[in-house]
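Order of appearance sets the numbers: ligands from 1, and atoms from 1 within every ligand. Quick caveat, the model's predicted, so the values are computed rather than measured.
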Amino acid sequence: MGGSFIFMDMNDIIVDTRQIEELLEGGARASEGDIALILERGSLGKGTSLEDAAALLSIKDEEALSALLKKAGEVKDRVFGKRVVLFAPLYLSNFCTNGCVYCGFRSANRSVERKALTPEEAVIDAKALEAMGFKRVLLVTGEDPRYGVDYIASCVEAIYANTGMRIVHVNAPPMDTASLRRLKEAGAGVYQSFQETYHRPTYEKVHPHGNKKDYDFRIKVMDRAIEAGFEDVGIGPLLGLYDHRFDCLATIAHSKHLFERFGAHAHTVSIPRLRPAESGLKEVPHPVSDLELKKIVAVFRLAIPSAGVVVSTREGAALRSELLHVGATQLSAGSRTNPGGYAQGKSLEQFSTNDQRSLPEVMSSVVAEGFIPSLCTTCYRVGRTGAEFTRKTVAGEMEKFCQANALLTLKEYIEDYAENGLREELGHTIEDGLGEIKDPSIKKALEERLKEIEEGKRDIYF
Ligand code: SAM
Ligand code: SF4
């Protein structure tokens, strides 16, 4: 594995393979005392150096690992409060010209029924999600020139025009700057795309043909997205393709690159673990255990405290609950991974989901774990995004907004969607959450706004 540099221009390296490998070698040599000091630095909630993150990713000792998990949970509470954001993915199209060996949508999979929702059908699916109480949706697509940016942008616009969705995020294949600008102009919130693996030889092996074969075009997409006007971008490794320590440290390096260049860290880091897929890989090449996944979440939380850590329904219910205690901040819920899945039921999915609970069931379990389910979309809509969001979060200024807005959205959910038992459970969560608000002026304003929601007002926030 020689050193390979990914250049933006002569002076701008995104991920330096040799540096990542050397840092991991150094990290593996960190002593007990070193780890204790690193945890102390990390627990300030200001982020860690790549060296420190490498040492944390290399932890094997049980006691040190428990200390890491505990610190990460504390940092999460301090930075974002008790809120856990809930959202749903909406698969637009599973047409794909790429050959990703792990994915059920890859072009060679002849057994998959291909479907691209029309914008009208996307609206029907989004309405089905809205009827469940969701306020944010993540549009997901395969890669096919027939369903490129104009198609995706029309779906975004149709959903805004015809549903009550407050923010539409997009996970779509990398595109050029002009296309990303078009997507942003349609109103997309976060632009998300995963590098899958930052390890070039592995990347080339698992992406044998199609546009996705181009590692450099993919790794540079976040720079293009931000240049095109996206303030918030979402990155992540597909865990299981290569050594997770390498890919997680490279993900952190990627986020640091964005921070250095634009003043904003990645808005979210997703941690998908490879799942069985129709005609996909028979075996996971580098399996990641549940405990390793917890460690990964905790390291992301300490290394990039401002980033949301997103856990999908690829993971089972029990593990998802545990991950909330070690730094995860966002959960998808009730997900279908096939186009039209909400309005028309399941057909062939991109990968099989592990947590098939409905939104009320997920809400109930989030509450049982002592957290506040949140359907908040405020920051994207009031411009608390990009560098401003990173700065405020690290300065400890977001917690009060997050907690208060989570309670407001929960109140709306109670009024409009929740049924008997859950209404009561969520009612207690609001009372407890209100009690935790320290700032008396926010507390008073929150009480007034909760009352306004009871009287019929909607979409109010801090
Ligand atoms: N087609 C676009 C792309 O590849 O960038 C975006 C959508 S793709 C459907 C979303 C993500 O699903 C991929 O980036 C990959 O990380 C993940 N994925 C693909 N196959 C998977 C599998 N078998 N198990 C878990 N996640 C998978
Ligand atoms: Fe296509 Fe994306 Fe699946 Fe690759 S991961 S086959 S690009 S849908």
Side-chain angles (χ1 to χ4, degrees), residues 89-110 112 114-117 138-149 151-152 155 169-175 179-180 183 188 190-198 202-215 217-222 225 233-242 244 247 251 268-288 293 310-316 332 335-339 341 348-355:
L90 192 167
Y91 278 66
L92 290 181
S93 161
N94 62 7
F95 281 97
C96 195
T97 50
N98 287 325
C100 314
V101 300
Y102 45 81
C103 179
F105 292 170
R106 70 195 174 122
S107 59
N109 185 6
R110 303 275 172 232
V112 62
R114 303 285 169 171
K115 165 103 185 136
L117 300 181
L138 170 70
L139 303 186
V140 184
T141 70
E143 178 157 17
D144 186 311
R146 288 171 298 169
Y147 303 102
V149 69
Y151 164 73
I152 304 169
C155 292
H169 299 319
V170 174
N171 182 326
M175 19 185 133
S179 303
L180 286 159
L183 199 55
V190 175
Y191 172 70
Q192 194 184 71
S193 174
F194 308 146
Q195 186 62 24
E196 321 295 13
T197 175
Y198 288 83
T202 305
Y203 186 93
E204 284 169 1
K205 212 162 65 197
V206 298
H207 302 113
H209 66 80
N211 286 346
K212 196 157 166 182
K213 197 172 166 26
D214 189 342
Y215 179 110
F217 188 68
R218 194 164 182 98
I219 203 168
K220 292 176 192 167
V221 71
M222 294 311 169
V233 296
I235 62 176
L238 178 53
L239 298 167
L241 290 178
Y242 186 60
H244 70 267
D247 272 329
T251 305
T268 55
V269 173
S270 298
I271 49 158
R273 255 195 317 187
L274 207 49
R275 294 274 305 148
E278 175 98 357
S279 297
L281 284 176
K282 296 268 175 299
E283 271 176 30
V284 176
H286 293 265
V288 173
L293 194 64
V310 186
V311 183
S312 74
T313 55
R314 292 170 181 88
E315 304 305 335
S332 52
S335 305
R336 295 283 166 85
T337 64
N338 58 310
L348 198 135
E349 299 192 307
Q350 187 207 12
F351 53 83
S352 60
T353 53
N354 215 335
D355 179 354

So CD of Glu315 and CG of Leu293: to nearest 0.5 Å the spacing works out to 5.0 Å

Euclidean distance, Leu117 CG relative to Cys155 SG, rounded to 0.5 Å:
7.0 Å

Within ligand 2, which atoms have a heavy atom of [X] less than 4.0 Å away?
| X | value |
| --- | --- |
| Arg106 | 6 (S) |
| Cys100 | 4 (Fe), 5 (S), 6 (S), 7 (S) |
| Gly142 | 8 (S) |

Are any N, O or S atoms from Cys103 nearer to atom 1 (Fe) of ligand 2 than 2.8 Å?
no

Find all atoms of ligand 1 within a distance of less than 4.0 Å from any non-hydrogen atom belonging to Thr141, and give their numbers and elements.
1 (N), 2 (C), 6 (C), 7 (C)

Using heavy atoms and a 4.0 Å limit, tell me yes or no: is Leu281 in contact with ligand 1?
no

Mind checking whether Gln195 contacts ligand 1 via backbone (N, CA, C, O), side chain (CB onward), both or neither, at a 4.0 Å heavy-atom cut-off?
neither

Location of contacts on Arg273 toward ligand 1, heavy atoms closer than 4.0 Å:
backbone

Partner set under side chain to side chain donor-acceptor pair (under 3.5 Å) for Ser107, not counting sequence neighbours:
none

Sequence neighbours excluded, which residues qualify as salt bridge (charged side-chain N to carboxylate O under 4.0 Å, His left out) partners of Asp355?
Arg320, Arg357

Is there any N or O on Arg314 that sits under 3.5 Å from an N or O of ligand 1?
yes

